[in-house]
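Structure first, commentary second.
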Amino acid sequence: MPAVIIVGAQWGDEGKGKASDQLGTQVDYVVKYNGGNNAGHTVVVDGEKFALHLLPAGILTPGCTPVIGNGVVVDLDVLFSEIEELNSRGIDTSKLRISNNAHIIPSYNKTMDAVNERMLGSRKLGTTGRGIGPTYADKMNRIGLRIQDLFDPSILRQKVEGALQQKNGLLEKVYGEDGFDVDAVTNELLSYADRVKPMLMNVTAELNHALDRGETLVFEGGQAVMLDIDHGTYPFVTSSSCSAAGACTGSGVGPRRIDRIVGVAKAYITRVGEGPFPTELFDEWGERLREVGGEYGTTTGRPRRCGWYDAVVARYASQVNSLTDIVLTKLDVLTGIEQISVCVAYELDGQRIEDLPDSQTDMRHVKPIYEYFPGWTEDISQCATFEELPQAAQDYVLKLEELSGCRISSIGVGPGRDQTIVRTSLLD
């Protein structure tokens with residue numbers, strides 16, 4: 001049975017949660033491998049909407065084991081708040097498992113995130129302020145706190161003290177903020193130890209043993225390739241590896257065990273936060289996509305920037321991730337648009353380019369080159385097969401498939417779990 005990676009093929013918010021949730025009905029494990037509660041998934045099950053922030057989408061599927069891997073940074077307060085919310089709605093969260101090696105987001109890093117962003121002023125990055133970046137920085141600086149540290153109070157206190165020697169100096173002497181007390185932070189973290197302990201697991205061993213047993217794994221990426229710390233529009237990116245490669249480092253499952261790599265892309269494109277966005281719309285069409293598509297952040301509520309489908313970005317995502325399939329979402333949002341634009345290439349300094357430019361400056365100055373396609377007016381939300389789609393919608397999907405350099409295996413025609421046209425099974 002396969003191991004399938006699901007990644008965002010744009011700037012995030014593509015509907016990865018729905019794709020993971022659908023596969024989760026057929027798999028044994030759904031593994032979140034990067035990020036934290038700085039992004040969310042909205043999943044609709046039997047007409048009921050669930051907003052997930054830190055938890056994997058597999059948490060909604062009975063029989064599936066949801067896993068938080070070592071590549072994730074965990075806000076323990078958010079973790080238990082989200083668990084309690086799901087429990088109150090009748091969702092069984094008892095199968096959730098978490099890697100001992102996942103890093104903790106301490107309270108001081110949320111403060112550091114906020115003051116860092118404030119000090120950048122007009123150069124702000126548009127972070128969520130949830131402490132994600134500073135926690136990943138601590139990880140690389142080797143002053144981070146891991147979940148396993150909760151079970152050695154002496155070690156935990158030493159690590160908190162070491163981190164706060166640096167953080168308090170910045171907060172008090174540079175930013176004019178109050179510092180943090182070592183004992184208060186340590187005790188707050190220790191208060192979660194008994195609750196989190198039953199959830200812990202040697203994730204690397206368990207996932208590899210599961211594959212040995214012939215079980216099926218889905219790796220669920222947060223954010224998207226254009227927000228990847230290495231391959232995105234740096235510095236307007238997140239702090240983790242969102243690409244397919246991050247699934248291996250964030251879980252401990254090696255690349256030779258991966259069978260399928262699925263990119264999720266909207267039938268248009270959106271972005272949250274600062275940074276270049278070549279096809280962004282500032283007119284009534286951008287507003288229409290935002291309102292019809294409900295383009296507001298699951299975690300932050302921020303309105304998303306909206307634009308036409310960018311095939312240059314799609315081709316790049318296909319290259320970086322070695323995509324085998326694309327899941328196209330929100331095709332229904334385009335219903336009623338008489339003429340749909342698609343960016344097929346960029347213009348830079350008077351020249352047509354087919355690939356992303358390799359400099360931040362050039363990316364800010366490219367102009368989209370559009371081709372135009374007829375739209376459709378028919379309601380497609382109940383279409384169950386590709387052939388049931390209006391001919392114009394079929395032609396649009398086939399053109400995106402050609403331009404993106406990757407087959408489109410399924411098409412979302414509404415928010416519900418069952419509102420998906422499957423052309424090719426992702427688990428074959």
Side-chain angles (χ1 to χ4, degrees), residues 4-23 30-43 52-54 56-57 69 71-72 126 128 132 218-234 236-250 258 260-273 275-277 279 293 295 297-300 302 304-307 309-330 356 400 404-406 408-412 426:
V4 180
I5 299 173
I6 295 178
V7 298
Q10 296 168 328
W11 271 286
D13 308 307
E14 302 94 347
K16 297 180 292 297
K18 181 182 177 184
S20 297
D21 175 65
Q22 288 175 321
L23 284 172
V30 173
V31 185
K32 182 166 182 173
Y33 62 81
N34 77 296
N37 60 306
N38 55 331
H41 296 317
T42 300
V43 180
L52 304 175
H53 307 280
L54 181 59
V72 177
T128 60
I132 309 296
V218 168
F219 297 87
E220 175 190 287
Q223 291 85 37
V225 64
M226 297 303 290
L227 295 175
D228 185 275
I229 187 68
D230 289 296
H231 302 292
T233 48
Y234 189 91
F236 302 99
V237 294
T238 192
S239 302
S240 62
S241 297
C242 316
S243 62
C248 297
T249 57
I258 305 302
R260 302 283 280 275
I261 304 174
V262 180
V264 183
K266 283 176 183 166
Y268 48 102
I269 194 168
T270 64
R271 159 159 219 177
V272 171
F277 185 6
T279 67
E295 297 299 349
T298 302
T299 295
T300 64
R302 290 185 292 181
R304 296 171 184 149
R305 301 156 66 189
C306 297
Y309 189 89
D310 191 328
V312 181
V313 166
R315 288 193 294 269
Y316 178 72
S318 182
Q319 293 169 349
V320 169
N321 295 291
S322 296
L323 296 183
T324 60
D325 304 84
I326 288 176
V327 169
L328 189 71
T329 63
K330 292 197 168 185
L356 284 185
L400 295 192
S404 304
C406 184
I408 294 176
S409 293
S410 69
I411 304 159
L426 299 175

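Owing to the predicted nature of the structure, the values given are computational and were not obtained by experimental measurement.
- Without hydrogens or angle criteria, Lys16 side chain to Gln223 main chain gives a donor-acceptor distance under 3.5 Å.
- Scanning all heavy atoms of the two residues, the minimum distance from Gly275 to Arg305 falls at O-NH2, 2.9 Å.
- Listed here is the closest heavy atom pair of Ala224 and Cys242: O-CB, 3.4 Å.
- Using a 4.5 Å heavy-atom cutoff, the side chains of Ile229 and Thr238 are not in contact.
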* Asked: Between Arg260 and Asp325, is a side chain to side chain contact (heavy atoms under 4.5 Å, CB included) present by the stated rule, with each step listed?
  -> CA-CA 8 Å; Arg260 302 283 280 275; Asp325 304 84; 3.0 Å; yes

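- Between Val327 and the options Ile408, Leu426, Ile6, a side chain to side chain contact (heavy atoms under 4.5 Å, CB included) holds for only Leu426.
- Side-chain atoms of Phe277 and Asp310, non-hydrogen and from C-beta on, never get closer than 4.5 Å to each other.
- Looking only at side-chain heavy atoms (C-beta outward), Leu356 and Met226 come within less than 4.5 Å of each other.
- Closest non-hydrogen pair, Cys248 versus Ile258, comes out as SG-CG1, 4.3 Å.
- Val313 places a side-chain heavy atom less than 4.5 Å from the side chain of Trp11.
- A donor-acceptor distance shorter than 3.5 angstrom exists from the side chain of Gln10 to the backbone of Tyr268, with no hydrogens or angles considered.
- Panel note: side chain Asn34, backbone Ser240; no donor-acceptor pair is recorded below 3.5 Å.
- A donor-acceptor contact shorter than 3.5 Å links the side chain of Thr329 to the backbone of Glu14.
- For the residue pair Tyr309/Ser404, the side-chain donor-acceptor check at 3.5 Å is satisfied.
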* Asked: Where do Arg271 and Glu295 land on the salt bridge (Lys or Arg N to Asp or Glu O under 4.0 Å) test, with the steps shown first?
  -> CA-CA 9 Å; Arg271 159 159 219 177; Glu295 297 299 349; over 6 Å; no

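- For Lys330 (side chain) and Gly293 (main-chain N/O), a donor-acceptor pair under 3.5 Å exists by modelled atom type.
- The two residues His231 and Ser243 come nearest to each other via the heavy atoms CD2-OG, 4.3 Å.
- The nearest pair of heavy atoms linking Lys266 to Asp13 is CE-O, 2.6 Å.
- Remark: the backbone N or O of Leu323 is not paired with any side-chain donor or acceptor of Asn321 at under 3.5 angstrom.
- No side-chain heavy atom of Ile261 sits less than 4.5 Å from a side-chain heavy atom of Val4.
- What you find for Arg302 and Gly273 is that their closest heavy atoms are NH1-CA, 4.2 Å.
- Between Tyr33 and Ile5 there is a side-chain heavy-atom pair separated by less than 4.5 Å.
- For the atom pair CG (Asn37) and NE2 (His53), the distance works out to 8.5 Å, reported to the nearest 0.5 Å.
- Side-chain contact between Leu328 and Ser410 is absent, with no heavy atoms from C-beta onward closer than 4.5 Å.
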